[in-house]
Each structure stands twice: as C-alpha cells, then as structure tokens.
*Asks:* 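Below are the structure tokens for one structure; questions will follow.
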Amino acid sequence: IVMPPPNITDILHVGHGLNNTVQDVIVRWRRMAGDEALWLPGTDHAGIATQNVVEKKLAREQGKTRYDLGRDESDAQTTAYVDATGGTILQQLRAIGASADWSRTAYTLTPELSRAVREAFVQLYEKGLIYRGHRVIHWCSRCLTSLSDEEAEHEDEAGSLYHISYPLAEPISGLASVTVATTRPETMLGDVAVAVNPDDPRYRELIGKELILPITGIRIPVIADAYADPAFGTGVVKITPAHDPNDFEVGRRHSLPMPIVMSPTGMMEEGADAAGRVPERLRGVDRFAARAVIVDELRAAGHLGKVETHNHSVRHCYRCHTVVEPRLSDQWFVKMEPLARPALKAVRSGAIRILPERWEAVYINWLEGIRDWNISRQLWWGHRIPVWSCAAGHDPIISREDVTRCPKCSGPVRQDDDVLDTWFSSWLWPFSTLGWPNADARDLRAFYPTDVLITAPEILFFWVARMIMGGFAFMGDRPFHTVYLHGTVRDTQHIKMSKSLGNGVDPLRVVELYGADALRYTLVAGLGMGADVIIDPKDLEQSFAPGRNFVTKLRNIGKFILSNLGDEAVSPLSAIAPSSLSRSDRWILDRLDVAIADCDTALGPARPTGRTWRPSELRSGLRLSEYAEAARRFVWGELADWYVEAAKGRLMAGGADRDVARAVLVHVFDAALRLLQPIVPFVTEELWQQLPGHADDGTLARAPWPAQRREGTGGRDGAARGSEFEVVRETVAALRQLRSEYAITPGKMIPAVIVPARDAAARAVFDEEGGTIGRLARVTITLADVAPSGTAAHAVLAGGTEVIVPLEGIIDVERECVRLRGELEGLEKQLASLSQRLANEGFVSRAPAHVVEAERKKETEWTARRGQLADKVRSMCGG
RNA sequence: GGGCGAAUAGCUCAGUUGGUUAGAGCGCCUGUCUUACACACAGGAUGUCGGGGGUUCGAGUCCCUCUUCGCCCACCA
C-alpha cells in the first residue's frame, strides 16, 4: 500500500471536514462489512462561492448575459472549474483513500446534468406541476434575482413602526383622516387602497370613501377586507399589492391596480402601472434613502404621527444578506402539495427514517405547510429554463431539445431569460448522478435507491426534503432509507466555525501538530447523536491531544506485539487447542466479542430488515461516538492495560505457552485494528500491514469486519475460566491500592499472603495465576488457609478472598485501623440502605423479581464481607 | 408569535426502555523512567444531575412549572 504523505488532510476546513469524515467512516465500515458502497461526496454546491466567481468570469469573457450550465462551456473550462472548486476537496479525499467517486461530484457543468434538469422540468410541466405565476416574490436587489422562501432568511431587527395619517378626500362627521401604521413608509407610493375590517365598528362609515395619499396626492379607496386586524395598530392597513404578498392577495380580491414603484435594483421608480406615483425628486433614490426623505416630508406636512420602535423579523438574501424586497413579477413555480404527499408518507410509514428522530417532526411540519416553489432565478448563470416563446405570439414551447423556430409558424423563437434555482438540479442528485433519465443506466439500476444521506440539518428543507420529493416524483421510489443529520463544529461560545468569522481551526495545522488520525478520532468521538462538536480554537491541546495520545498508544501496542513476534511463525488462533488457552486468553477473547458486539450495536443495522424500518430499528445505529468509545475502551482499557501486561511473563518465559500468547495477541490486535480502521485509517493500516496472518496483498480497508467467535471460548468451562481472570484483576487492583495507601515504592517487590475463598475454583485461580498477579502487582505471593497474625495491610475481595500484605515496620497499625474502620463504615452504610429497601413491603412486592433477587444476593455478599472486615478490625484494633 | 433542543465533575460530554455506591476523556493531587508507551503507568480527590413541585416501592431518567442558553419555523401591517 502507498501510504499518504503525513501532511495530507482529509478536509478543507473543519466545518467541511465533519461531513466528509462522518461519510468516510460510515462508508469504510460498510465496505468492511461487505457492502460495495459507492460514496458520492458533496453536490454541485461544493464550493458555491468559488463557483459563483468562476461562472461570472466565464460569462464575462464570453460576453454572455446568461450562462447556461452544461451547455455553454468547453471541456477545458470544466476542468479548470473542477480544479478551482471541488477538485481540492476531492483530491484530498482520494489521498486518504476515501471511496469517493469524484468524477460524479463536480458535475454542475456537465451536459448530462443539463439533460437531467430539462427532463425533470418537462416531466413536471407535462404533469401540470409547473406553472408561470404572476405574484409577489422575494427579490434581492443586489443579486438581481428572485429567491425561494427558503433562500429568504428571517433575521430579527429593531425597526420603526411609523403611524401616518391619510386625509379623507371629503371629511365626515368631524373625522378628517385615518391613521395607518407601516414599517416601510416608502412603499406608500404604491398604495392603492386602505383596508379596514368589515366588522370593525370604528371604521364602518369609512368603507367606500376616498382618501388622499400623502406625498403623491392620489385618491385611493377605503375597502373592507378581513385581512385588516382590528387589534393591530390602528386597525387600518395600507394596501400595496405589488410590494407585499398579503396586499397582493387583497388587491386581487378587490381587483385593484398593482403599481410597481421600485426598480429591480431597489431604487424608487415608476414601474408598471405606476405612472404619476413617484415624484421626480424621489426617482432613482435608493429605497432606504427614500424612506428617510418620505418620513421627513410627512413630518413637515403634519402627516406623521407617533413612531414606535418595533422589533420584527426582516427577510434577507441568504447569500449576500441584503434586505429582500417583496416584488410583483412573473416567475416559474412548482406545485408542491402533490410532491409532498409521498414524501410525507415515506417518513410517517418508516420507509425513510431521519436521525436524530426529533428532526422528523420538523420535516413533517414543513411539508404539511409547504407552499409552491419559485424556481426561476434572474442570475446570469445556471441551468436555463427550457421554455421558448414565439415571436409571433404562438404558445410557448417547453422542450427537452433546443428549439430554433416555432413549430406553428416556423418563425423565430426566444428562450426564457431566466435560469433555474440551483436546488432544482440538486434535488435530482440521487439519480441524476447515476445516469438518469436513462432508465437503463447500469449505475442507476445498481445503486438506486441509495442508502444513507449524511448532511447537516441546515439544508433539511433546501435539499433533503426536496430530494425525497424528487425521488418519488421521478423515480417512483425513496432516494435513501436513512437521513443522518450530524451536528456542527462550533467554538466554546457555540458559534459556528467559519472562515469569515475567523473562529475556525486550520485543519492543516491540527494535522501537523496532532496527525490526521487524531483529527478524525476527535471529531468522531465527539459526535454524539445530533450534538454539535465543540472545539476551542484557542486551545487545540484540549481538543486534540486525547486523539493523538490514543493513536500513539495504538502505535506502541503494535510496536510491542511486533517486537515479540520475531521471525518465527505465528499460529492462527484456530490452530490453538482451546484447552491450552489461559484465563487471560479466554478473558480477552471474551472482551473482544463484547467490543465487537458494542461496535455493531452502535453502528447498525445498516438497512431496514423489511421494506420499512421496524420501531426497534428506527432510532438505532450510527452512534459514532459510542462506537469510538467502545473500540477505545477495548484497546486501551482491556487489551493494553490488562492482556498485554499479563502476557509479558508468558512471552519472556518462552515454550509452548509463549506461542499461545503470541497467537492470541495477533488475533486480538488484528481484530482491534479492523474495528478502528474507519476512525483511525492511517495508523491501523500501517500496523496491520506488518501483522502476520493475513493475505499479503490485502489492505486493512478491504479486510472483513470482525465477527464474534461462534464457538465461544471453549464451552462452559472456557467461559468460567475467562471470568476467573476477573478475580486476578480484582486481586491486583486491591494490592495496588494497598501499596499506594502505604506509599510503597512501585518498583519494590513485597510479600503478599492470599487466603482464597473456600472453594476449589478460587483456590485453583491463585495456584495457577499467582505468578501473573505477582508480576502485575509486584508482589511475591504465598497462599495460606488462615490469615497470618502480625502487623499487615488487609483487603477483602467480593468473593471472600482475603489479601494480606504483612509488612512489619511499614504498616502502621493505627493507620490500618482507621482505614479498615472507614471501609467498614462505608459498607455498613450501604448495607443499611440496602436492607431498608429489602424491608420495604412496596419494593419487594412491586419491583420486578430479578431486581429483588439481585438485591438479595448483594445483601448476602455484603453481609459476609462486613463480617470479615469486622473480624479484622476486632483482632487487629481490639474492638 | 409557534415549535424543538440543551442545562450532569473545573472543561468537553456519555448516561438506551425508571432499578447497584451517577460515568469517560482532559485538567487537578500523590507517586513512578516497572525491558511498548512520561502523548505513559499506578493510586486519589471532585457532582443538591439548573431551581421548585408532582407521580412511583424507587427519578439524572416520567409529568407540571420557573430560570438560562441555543436552534428551527413564521406573509400580522
């Protein structure tokens, strides 16, 4: 294998890296489990900012006003684009051996996608799901395009609510004017009416009367419409149909004119139906400047009432954050309700699950209230809308192929100037990347429906929901069975890391300081289901040192094992007679099975058992942090801390038992490397390559995922011997505690007497494992039937075994008494609360039998232990 | 305005359907270069599980309420 150079990172910046890392971990896992997963990283949005710049540059160079993606460019330009944007990410992904199929990723400019987009448009049109609508949409006066609801983001702002009095043309019963309230006074130039609620007694008389619109002096009617809320403001609302979606509806109901008083660039101007509405002095004035001017003039003329501060949310362009202007215009829309129906059903029925589960409610809520999707954009790059209009006025032509002349009159045609929303191509992604609309495409048949979509919640609506709708609309099937929404990388202030905010972490620096494996490990281990990953950009050590330390530990375990293998052959575990396995061998093999089971539980199941997810499967799996923790616990806490330590003596002693230990070491370490490969791919690969016992030409990334041993650990007897190693661990822990308690130098060998519990198995454990215990605890063990008299430190193990360290001169009797009394006291306290629980009628009768049984058993054990401890205290401390 | 989530050790977080004495990593304290590893080893200290109320034999876990923070959605001028 060619290992990547050490300074290769799998990410561009940490935010991106999270997504790529999660995807790669899951794909690596699936491949080891036997799935030939095809990973399609990213979308045509990879590097959208760069894309924007590149497209504009290309368009300018070619003198085009519209740049039709996939149709206007040359191959060389495509290549340049890929290099400039997605290419960087993808090259790095390939460098780490990620299973990325990068030719499919930066496909924005390909003719294939262009074809798919046209196909989708035409299909929807033919089903009557695309229509041209004349309505008020969100308009960005900086990007000069319309936006969908999702692209116009709400941001809270402290604005002003201006109260303006509109005089009556002919005053009635002492009433000279009505007051309206507005946050956007400049739009009053486009007012065509004032509405009051028909049930509002205050204004009943006014309905049908006329008002003089200040500034312009135009006469407008007072109309009755339920839209006016008597409880808000003055109960009178001005109606500006061309610049407010609600007012537009009111205008339509009352057949009012709809003057446009603002230019696309946000300047005041007399647009359609607006002759005489914008005074000369305001023409060409920016909307916000015009607002100030108008407010001043109203004040001067005495038309301005109170001005209240008003916190409200204002829509901004998601890309440039300019305040979005509602604007009447003609746009293409997709009728969403019919598309949403199967998408809703899929999630409700469990055909598609969303993890974490709570996002399902958000998804359902959004789809239930879905509104039609404005798909036309006035940007100068994108997929152009495949609609041509006839110069002679015949019906427009909607076509998959380019149209040059009108089929009716053979006259000239003109393609619609607009391009499509970029998400109109993105929602086709699960199948357009696989060859759609060619139904016979090999990849489409092989890979659709796909499996897991991994992304951040922020594009649940933009992209995920629409892909699901698109999957059903164009393929008749779900695009994937699982949506996994991961968290966001944030700093300690919980602010999203981004280049523009400067709170990001440079991954190259992290890789340089801690290594790429440590970076991956840190991200994966920190990724609780749906939780954000918090990293302090000012304290990399806190975040990444644990990952680095773990990787180093792994390396050192490998170094130790490899150095003990030497040139001699290592037997495969299957060639070792089960009877020759030691307690520690059986124990670590048991622990390995547990670790494999824990990892499998954390990760799986990979797909639903049936057509839909069962309730028990719905919330399981893809718990990456639990998987990382299970693997780590096994490698460090069990393999390194106990098995390797216990094996040292056997390795040094040589003989047949040495070969058994070597075989088990290799087997267990090999499995551990497999478990870790998806999270720590580099170091595990490097170590595994050096490990004997597997095909030389293989790579760890392609090796099978470990399975639990079907034959167990050698029958009932074997299982018992495995659990007997727990007694060894307990004894060693007790001895270490005593040593530490009496500050005995760790290196010093001391004597220890063990009085095993009164059963043959316990006796055998200490007979046979005395050497191991002695090495691990640095003691020389003597077995006895009764505790020796004399000054000594004592410990009583759970099973009743006594551990005694007789050290005249070092052990202080008084101190030992204090220690033992403290221990006894603690035990008695716990025993008392336990007894109380068991004496409680309610507990015994209502708690499940197994819980009560466990408590009873505990009571017996603790009582015995208390007796032993009390004896110690009595004999040694005299009372 | 509606909805959702979070609050557990100094820090970052686990804690699955209520059931031992609430855990991990880092940090902290004590000791150690024990022939893989001081990025390590051994031992140790640290929690009114945000506040209050309730249900239950039993609550970090379920219900109500309050506080603080965060996120999503939203055409009330």
Side-chain angles (χ1 to χ4, degrees), chain A residues 136 149 154 161 180-184 187 195 227-229 231-234 236-240 244-249 310 312-313 315 326 356 358-359 361-362 365-366 369 371 457-458 460-461 488 490 492 494 514 518 525-526 528 530-536 539 541-543 545-564 601 619-620 623 625-626 629 632-633 637 640-641 644-645 648 652 733 736-737 739-741 743-748 775 777-778 826-827 829-830 833-834 837 840-848 850-852 854-855 858:
Chain A
V136 173
D149 293 339
H154 287 277
L161 186 62
V180 301
T182 181
T183 52
R184 297 186 298 150
T187 62
Y227 166 63
D229 177 1
F232 186 90
T234 58
V236 183
V237 58
K238 63 196 229 19
I239 302 299
T240 322
D244 183 286
N246 293 306
D247 294 6
F248 172 77
E249 295 301 328
H310 183 67
H312 58 149
S313 86
R315 293 219 190 224
R358 64 188 147 93
W359 286 103
V362 178
N365 184 44
W366 185 73
R371 283 179 290 160
E458 53 202 60
L460 181 62
F461 303 138
T488 306
R490 299 176 186 276
T492 48
H494 293 242
Y514 302 95
D532 289 333
V533 177
I534 309 293
I535 287 171
D536 186 348
D539 188 0
E541 188 71 12
Q542 153 94 12
S543 300
R548 174 201 57 196
N549 296 354
F550 178 55
V551 171
T552 305
K553 186 76 182 179
L554 198 59
R555 246 184 221 290
N556 279 309
I557 297 168
K559 196 166 121 192
F560 174 81
I561 292 175
L562 290 169
S563 73
N564 275 287
T601 305
R619 267 169 281 172
S620 61
R623 296 169 187 272
S625 60
E626 286 177 27
E629 174 55 25
R632 194 195 104 96
R633 191 173 49 230
D641 287 350
V644 165
E645 292 304 325
K648 279 180 178 170
M652 280 189 278
R736 283 172 173 170
Q737 238 168 324
R739 295 186 68 113
S740 182
E741 188 75 31
I744 298 161
T745 315
K748 186 179 174 178
R775 221 174 352 265
R778 304 227 134 219
L827 185 61
K829 229 168 162 181
Q830 284 163 30
S833 107
L834 183 59
R837 197 175 316 151
N840 184 335
E841 192 60 36
F843 175 72
V844 179
S845 61
R846 296 194 198 203
H850 72 274
V851 173
V852 178
E855 299 288 89
K858 207 158 52 184

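Naming convention: chains lettered A, B, ... in sequence-line order (proteins, then strands); numbering from 1 in each chain.
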*Asks:* When you compare B:U48 with B:C37, how far apart are their C1' atoms, in angstrom units rounded to a whole number?
*Replies:* 41 Å

*Asks:* For A:Arg490 and A:Leu827, take the nucleotide of RNA chain B holding the closest heavy atom to each; which residue's nucleotide lies nearer the 5' end?
*Replies:* A:Leu827

*Asks:* Work out how far the P atom of B:A24 is from that of B:U65, and round it to whole angstrom.
*Replies:*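 Looking at atom P only, B:A24 and B:U65 are 36 Å apart.
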
*Asks:* Work out how far the C1' atom of B:A77 is from that of B:G3, and round it to whole angstrom.
*Replies:* 24 Å

*Asks:* Categorize A:Thr745 for me: base, sugar-phosphate, or nothing, with a 4.0 angstrom heavy-atom threshold over every strand shown.
*Replies:* nothing

*Asks:* Tell me the interatomic distance from A:Leu554, atom CG, to B:C37, atom C1', rounded to whole angstroms.
*Replies:* 12 Å

*Asks:* As an exercise, state the distance from CZ of A:Phe550 to CZ of A:Arg632, rounded to the nearest 0.5 Å.
*Replies:* 6.5 Å

*Asks:* In whole Å, what separates the P atom of B:G25 from that of B:G52?
*Replies:* 31 Å

*Asks:* Roughly how far apart are A:Asn556 CG and A:Ser563 OG, rounded to 0.5 Å?
*Replies:*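 If we round to the nearest 0.5 Å, A:Asn556:CG and A:Ser563:OG are 10.5 Å apart.
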
*Asks:* Could you check whether any side-chain heavy atom of A:Phe843 comes within less than 4.5 Å of a side-chain heavy atom of A:Val851, counting everything from C-beta outward?
*Replies:*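 Result yes, sub-4.5 Å side-chain heavy-atom pair found.
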
*Asks:* Between A:Arg633 and A:Glu626, is the closest basic N to carboxylate O distance under 4.0 Å?
*Replies:* no

*Asks:* Indicate yes or no: at least one non-hydrogen side-chain atom of A:Arg778 is less than 4.5 angstrom from one of A:Ile744.
*Replies:*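 No, their side chains stay 4.5 Å or more apart.
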
*Asks:* Below 4.0 angstrom from OP1 or OP2 of B:A36, is there any side-chain N or O of A:Lys648?
*Replies:* yes

*Asks:* Which part of the nucleic acid, if any, lies within contact of A:Asp247, taking any heavy atom under 4.0 Å across all strands shown: a base, the sugar-phosphate backbone alone, or nothing?
*Replies:* nothing

*Asks:* Considering only side-chain heavy atoms of A:Thr183, which listed nucleotide, B:A77, B:U21, B:G19, is closest?
*Replies:* B:A77

*Asks:* In whole Å, I'd like the distance from the CD atom of A:Glu541 to the C1' atom of B:G25.
*Replies:*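 The answer, rounded to whole Å, is 13 Å.
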
*Asks:* Determine the contact category for A:Thr552: base if any of its heavy atoms lies under 4.0 Å from a base atom, sugar-phosphate if only primed atoms, P, OP1 or OP2 are that close, otherwise nothing.
*Replies:* base

*Asks:* Using atom C1' of each nucleotide, how far apart are B:A9 and B:G44 to the nearest Å?
*Replies:* 15 Å

*Asks:* Roughly how many Å is it from CZ in A:Arg548 to P in B:C39, rounded to a whole number?
*Replies:*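 Atom-to-atom, A:Arg548 to B:C39, this comes out as 7 Å.
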
*Asks:* Which is true for A:Ala181 with a 4.0 Å heavy-atom rule: it touches a base, it touches only sugar-phosphate, or it touches nothing?
*Replies:*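 Base: the residue A:Ala181, judged by heavy atoms under 4.0 Å, touches a nucleobase.
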
*Asks:* What is the nucleic acid contact for A:Arg632, judged by heavy atoms within less than 4.0 Å: base, sugar-phosphate only, or nothing?
*Replies:*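 Sugar-phosphate, no base atom in range.
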
*Asks:* Without decimals, in angstroms, what is the distance between A:Lys553 NZ and B:G25 P?
*Replies:*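 Rounded to whole Å, this separation is 12 Å.
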
*Asks:* Looking at B:A36, B:C76, B:C41, which one has an atom nearest to any side-chain atom of A:Val644?
*Replies:*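 Within the option list, the nearest is B:A36.
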
*Asks:* What does A:Pro326 touch in the nucleic acid at a heavy-atom separation under 4.0 angstrom: a base, only the sugar-phosphate, or nothing?
*Replies:*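 Nothing, no heavy atom under 4.0 Å.
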
*Asks:* Find the distance A:Ile239:CD1 to B:C76:P and express it as a whole number of Å.
*Replies:*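 Rounding to the nearest Å, CD1 of A:Ile239 and P of B:C76 are 15 Å apart.
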
*Asks:* Show your working on side chain to side chain contact (heavy atoms under 4.5 Å, CB included) between A:Lys748 and A:Arg739 and close with a plain yes or no.
*Replies:* CA-CA 10 Å; A:Lys748 186 179 174 178; A:Arg739 295 186 68 113; 4.2 Å; yes

*Asks:* With sugar-phosphate meaning primed atoms plus P, OP1 and OP2, does A:Phe248 contact a base, only sugar-phosphate, or nothing at under 4.0 Å between heavy atoms?
*Replies:* nothing

*Asks:* Is B:G43 paired to anything, Watson-Crick or G-U wobble with both distances less than 3.5 Å, and if yes, which nucleotide?
*Replies:* B:C29

*Asks:* OP1, OP2 of B:A40 versus side-chain N and O of A:Asn549: anything below 4.0 Å?
*Replies:* yes

*Asks:* Distance check, P atoms only: B:C26 and B:C71, in whole angstrom units.
*Replies:* 31 Å

*Asks:* Please confirm whether any donor atom in the side chain of A:Glu645 sits under 3.5 Å from an acceptor in the base of B:A42, or the reverse.
*Replies:* no

*Asks:* Classify the nucleic acid contact of A:Arg633 as base, sugar-phosphate or nothing, counting any heavy atom under 4.0 Å across all strands shown.
*Replies:* nothing

*Asks:* Nearest to the A:Glu629 side chain among B:C26, B:A24, B:A74, which nucleotide is it?
*Replies:* B:A24

*Asks:* What distance do A:Asp149 atom CG and A:Trp366 atom CH2 have between them, rounded to the nearest 0.5 Å?
*Replies:* 9.0 Å

*Asks:* Ignoring backbone atoms, test whether A:Lys858 places a side-chain nitrogen or oxygen under 4.0 Å from the OP1 or OP2 oxygen of B:U21.
*Replies:*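 It does not, given that no N or O in the side chain of A:Lys858 lies less than 4.0 Å from OP1 or OP2 of B:U21.
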
*Asks:* B:A7 and B:G43: how far apart are their C1' atoms, nearest whole angstrom?
*Replies:* 33 Å

*Asks:* Rounded to the nearest 0.5 Å, what separation is found between the NE2 atom of A:His310 and the OG1 atom of A:Thr183?
*Replies:*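 Spacing of NE2 (A:His310) from OG1 (A:Thr183) equals 6.0 Å.
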
*Asks:* So what does A:Arg184 hit on the nucleic acid, given a heavy-atom distance under 4.0 Å: a base, only sugar-phosphate, or nothing?
*Replies:* nothing

*Asks:* Using a heavy-atom cut-off of under 4.0 Å over every strand shown, decide if A:Arg315 touches base, sugar-phosphate, or nothing.
*Replies:* sugar-phosphate

*Asks:* Please classify the nucleic acid contact of A:Val844 as base, sugar-phosphate, or nothing, using heavy-atom distances under 4.0 Å.
*Replies:* nothing

*Asks:* Nearest whole angstrom, please: distance from the C1' of B:G19 to the NE2 of A:His850.
*Replies:*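 In whole Å, B:G19 C1' lies 7 Å from A:His850 NE2.
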
*Asks:* Is the shortest heavy-atom distance from the side chain of A:Ile535 to the side chain of A:Gln542 under 4.5 Å?
*Replies:*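 Side chain of A:Ile535 against side chain of A:Gln542, heavy atoms only: no contact under 4.5 Å found.
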
*Asks:* When the distance from CD1 of A:Ile535 to P of B:C26 is rounded to whole Å, what number comes out?
*Replies:*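 In whole Å, B:C26 P and A:Ile535 CD1 are 17 Å from each other.
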
*Asks:* Side chains of A:Arg548 and A:Glu541, heavy atoms from C-beta outward: is any pair under 4.5 Å?
*Replies:*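 Yes - at least one pair of side-chain heavy atoms lies under 4.5 Å apart.
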
*Asks:* Select one nucleotide: of B:C41, B:G44, B:U21, the one nearest the side-chain heavy atoms of A:Gln830.
*Replies:*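 Of B:C41, B:G44, B:U21, B:U21 is nearest to the side chain of A:Gln830.
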
*Asks:* Using the side-chain heavy atoms of A:Trp359, tell me which of these nucleotides is nearest: B:G44, B:C76, B:C71.
*Replies:*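 Looking only at heavy atoms from C-beta outward on A:Trp359, the closest nucleotide is B:C71.
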
*Asks:* Please measure how far the C1' atom in B:G18 lies from the corresponding atom in B:G54, and state the result in whole Å.
*Replies:*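 Result for the C1' pair: 15 Å, nearest Å.
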
*Asks:* Nearest 0.5 Å please: distance from the CG atom of A:Asp532 over to the CZ atom of A:Arg490.
*Replies:*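 Answer for the CG-CZ pair, A:Asp532 versus A:Arg490, is 4.5 Å.
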
*Asks:* What is the distance, rounded to the nearest whole Å, between atom CZ of A:Phe560 and atom P of B:A40?
*Replies:*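 Atom CZ in A:Phe560 sits about 18 Å away from atom P in B:A40.
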
*Asks:* Contact class for A:Asn840 (heavy atom, under 4.0 Å): base, sugar-phosphate, or nothing?
*Replies:* sugar-phosphate

*Asks:* Going 5' to 3' through nucleotides 3-16 of chain B, assign each nucleotide B (protein heavy atom under 4.0 Å from a base atom), S (under 4.0 Å only from sugar-phosphate atoms) or - (no protein heavy atom that close).
*Replies:* --S-----BSSSS-

*Asks:* Is the phosphate of B:C76, meaning OP1 or OP2, less than 4.0 Å from a side-chain N or O of A:His310?
*Replies:* no

*Asks:* Let's see if you can work this out: which of B:G43, B:G31, B:G25 has an atom nearest to the side-chain heavy atoms of A:Pro746?
*Replies:*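 Selected nucleotide: B:G31.
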
*Asks:* In terms of the nearest nucleotide of RNA chain B, which residue is placed more toward the 5' end: A:Gly747 or A:Ile744?
*Replies:* A:Ile744

